[in-house]
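A quick write-up on the structure given underneath.
All heavy atoms count here, side chains included; hydrogens, waters and symmetry mates do not. Just so we're on the same page: letters track the sequence lines, and every chain starts at 1.
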There are 2 protein chains.
Amino acid sequence: MDTKEGCHFDKETGLTEGLPCEGVIVPPTLESISGQRYDAIVLGAGYAGLVAARDLATRGHKVLLLEARDRIGGRTWTSVIEGYPYEMGGTWVHWGQPHIWTELSKYDMVDQLEDSAKGLPGVQHSTSYYFEHGKRTVSLAEDADNLKTALTAFCDVDGELGKTVLPIPHKPFAAATEFTKWDQISAAERFDQIKDRLTPDQQGILLSTIVTASGASADQLAFTEILRWWALSGYDSEAYMAYVIKWKLKCGQTGLSLRIFRDALASGSLSYRFSTLAKRIDQSGGQVTVTTSNGSQHVASYLVCTIPLNTLNDVVFNPPLSRNKVLAAAKGQVNLCVKAHAEVAGTDQRSWWGIAYNKRPGMMAGAFGDGLTPAGNTHLVSFSLNGAFQNTADRGFAEMKTAYEEFTSAEIKRLLYHPWAQDPLSKGTWAMYGPGFATRFKRDLQASQGRVHFASADWADGWHGFIDGAIEQGIRAATKVSTELQKVPSARL
Amino acid sequence: MDTKEGCHFDKETGLTEGLPCEGVIVPPTLESISGQRYDAIVLGAGYAGLVAARDLATRGHKVLLLEARDRIGGRTWTSVIEGYPYEMGGTWVHWGQPHIWTELSKYDMVDQLEDSAKGLPGVQHSTSYYFEHGKRTVSLAEDADNLKTALTAFCDVDGELGKTVLPIPHKPFAAATEFTKWDQISAAERFDQIKDRLTPDQQGILLSTIVTASGASADQLAFTEILRWWALSGYDSEAYMAYVIKWKLKCGQTGLSLRIFRDALASGSLSYRFSTLAKRIDQSGGQVTVTTSNGSQHVASYLVCTIPLNTLNDVVFNPPLSRNKVLAAAKGQVNLCVKAHAEVAGTDQRSWWGIAYNKRPGMMAGAFGDGLTPAGNTHLVSFSLNGAFQNTADRGFAEMKTAYEEFTSAEIKRLLYHPWAQDPLSKGTWAMYGPGFATRFKRDLQASQGRVHFASADWADGWHGFIDGAIEQGIRAATKVSTELQKVPSARL
């Protein structure tokens, strides 16, 4: 099946929209208890919503899963093209991401793990663009050393590798005073504090790494966001790379999300509606009513809302969202990255990295070989510099293509991407925060309001912005709702 | 409530058996569907069994949990004495242990985490005993440096910190050829390969660390067992210590195991019998029958067997266990450690470590301050050298007390321990393997036989011997059984 989402380009067909995706659910509606009141409605079928729906439905609670898209997965989905799985959003996992790892373990899918950086043919170097230093070629070993030196200098704010700021990286406010202090400055400000200790190559790879990680410019990004990845990855540069861009799933992320969805479905307690946009959420009289854009109304005892941060204010809540939720959603998370895939001729680029940082719009910040396609070409994945490409008429395609062509010397056979920042259902890519945002808003974003529980990777305690964070949030929301439902046995009848 | 287990000594009352434990379940029997056939029987209420029972019962499957002890927790349980929680078995956790971490996340218990090595008063040094080098005093910083040098040399077999041997530490045979090669030698043989590069202090702390980790002598232990801990901890010495002995739960492990047990109970699908020893397991006619020592028989469609490795041959299986399961259980895991707690006067020892290695029986291999009691004393935890103390008449008490007195200069107010190696229900402490054991037996130990699924920390893929491994196994067994039960809908009626 094809989803309506995703953009694809090759020379024969030009730019087209819509991509194959096994996560498209047919039929799009299944209502086993139509007309009845549900125990819980779960809004959104990304990982947070899927896991919440599964944990509730397998416990025998009657669940309605409402999803505006035509597919499961939210900001994580796989398109298999000519036998190769392209991850349009969330991709990499690691056993240091406990919630996703537990899912892989549960479904006996550890064997699906694939090292995307192992035994690489090709050039074994990077091409780096950093301001006036021009186009430089650096060996991969030198790059790793440069990143180690630079990232360690960047994160080691306390002579203890940042451990006094994030001693328990899954508990962001464990050292609240220290965290709050460092949360006020941007990544650019922290860079300015240490840049004199770094060579131009080290500066370049550090800034490229920062903006690749964030899909924002360094002055828009909180320093603590990079520190958080660093701490979650064991306070080490090599581990950082292994935790965040090394291990993929052979079956694609959609393979895992389908497994979770089918598990929920097999319970017999799951109803669902895809391509159904929630417009309004009313709480009154001990129940929650969701009104959709086509006017249908759905009633439940509880709601798990997984709507992303940047679109949270697009839904009417009555009673309204808390002031800080409204302000946080208005401010938004800052990641407007375009993650774009290219299939390029040959295998030379399989071990190639592109690394760039400057103020010029329309560049890539980073790219690297991430696989070999069955046709014998290289799959490159790239991340835009300083957020989204600007032209909405063509979904940023022309700028993205130009950037890619500047970046790689290989012949481009195919390009594909989903413009997450232009997507009205996400308005951004994986969540990364601006300075002060975590301190000011994270706890408020996590707070429940009456019978509505908010679960999104965007405000997870640990790996926020990651698949792991989505699952963390989904598990917790299900426990909350299930505990509430157990207090009222009649709700289960 | 008191469990029958555990030994306690103070000068007033001398040696007594039985300790307070919140994990003792009253009433000891709850059979909601007496006389009926269960969907599944779970044998053993340690973490593996609790999690399997919870995952099955909350899915609406009718479960009978059978436990020979009078309490939940298996080899992990907490005794609170004068307001202080002593962990009689499994203790430390870390977010790098994904399965236990997901449980903490699920039940919103991350706030229970406590750094047992933070802000310590006292002497800030270790006392080290290593062969003819006599009694030495070394600063903690020097100890950390010595361990880093020695453990890195020990584990770095490939110039890549062991990553080519265990590239995915949760998947032990990911690099089967390399792993199998290194699995054949003992920790003592590996030590001999690198000892000339180490100072006596480095040799001493390394050997003490090895035998503390294993509860065996270095020649009985597979080298890969230490390499596995190292790999699971991120291939780093400091991380190794943080992963395995840093973070405890304020509520005690029994706080978490009770939460899981109560979650299972709230489903209404859990029956249980404590103090009920399984003697015989028969499979025939599409069902499993468990016969207990008091002659009662219990029938189910499936069985999850969490009986520890060293006692697996004490139960009669019909049809019999596979040849390799029998051989593996006969060979057994090698950890016969006595983990013993002392409350010692004052706070001097809170930052003290004892480190020892020699061939003399009746010593401790390692000890350290692990907390301050409400009475203002220090809680020391210690691990015996070269396995169990020998005298079974007094449960090894006199030897243990002498060893402790030799080891610490502080006045001993209280001693407590459980002699796991003398316990007929475990016959050993946390599972550690001899040379070649993993290669030869691990996959066979994990294999199901018909309707019987085997789940124990003793043969977990990743953190075997840890709480995390128990939960890994429990989750997987529940998925297997639940998937089977869903194929036969009538089994749920």
Checklist line | Short side-chain to backbone donor-acceptor contact, B:Thr479 and A:Tyr107, under 3.5 Å | finding: no
Margin query: What I want to find out is whether A:Asp263 reaches B:Arg59 closely enough, with some N-O distance under 4.0 Å, to be called a salt bridge.
Written below: yes
Checklist line | Spatial distance of atom CD (A:Gln97) from atom CH2 (B:Trp101) [nearest 0.5 Å] | finding: 14.5 Å
Check: Which bit of A:Asp111 is near chain B, if near means a heavy-atom gap under 4.5 Å: side chain, backbone, both or neither?
Finding: both
Margin query: Let me confirm one number: the NE2-CG distance from A:His170 to B:Leu104, rounded to the nearest 0.5 Å.
Written below: 11.0 Å
Notebook entry, point to check: By a 4.5 Å heavy-atom criterion (distance strictly below it), what part of A:Lys163 contacts chain B: side chain, backbone, both, or neither?
Noted result: side chain
Notebook entry, point to check: Counting heavy atoms not belonging to A:Gln112, are there more than 12 under 6.0 Å from its CD?
Noted result: yes
Checklist line | Interface moiety of B:Ile100 toward chain A, non-hydrogen atoms closer than 4.5 Å | finding: neither
Next item on the list: List the atom of A:Trp95, the atom of B:Pro167, and the distance in Å for their closest heavy-atom pair.
Entry: CH2-O, 3.4 Å
Item checked: A:Lys480, NZ atom: more than 12 neighbouring heavy atoms under 6.0 Å -> yes
Check: So which part of B:Tyr243 gets closer than 4.5 Å to some heavy atom of chain A, the side chain, the backbone, both or neither?
Finding: side chain
Notebook entry, point to check: Which atoms of B:Arg262 come close to chain A, meaning under 4.5 Å heavy atom to heavy atom: side chain ones, backbone ones, both, or neither?
Noted result: neither
Item checked: Heavy-atom check, side chain of A:Asp55 versus side chain of B:Lys106, under 4.5 Å -> yes
Checklist line | Donor-acceptor under 3.5 Å (A:Ser105 side chain, B:Glu472 main chain) | finding: no
Margin query: For chain B, which candidate among A:Ile475, A:Asp236, A:Ile168 shows the most heavy-atom pairs at distances under 4.5 Å?
Written below: A:Ile168
Note to self: Quick check: closest heavy atoms across A:Thr102 and B:His99, and the distance to 0.1 Å?
What the structure shows: OG1-CA, 3.6 Å
Check: Are there more than 12 heavy atoms of other residues, nucleotides or ligands under 6.0 Å from atom NZ of A:Lys171?
Finding: yes
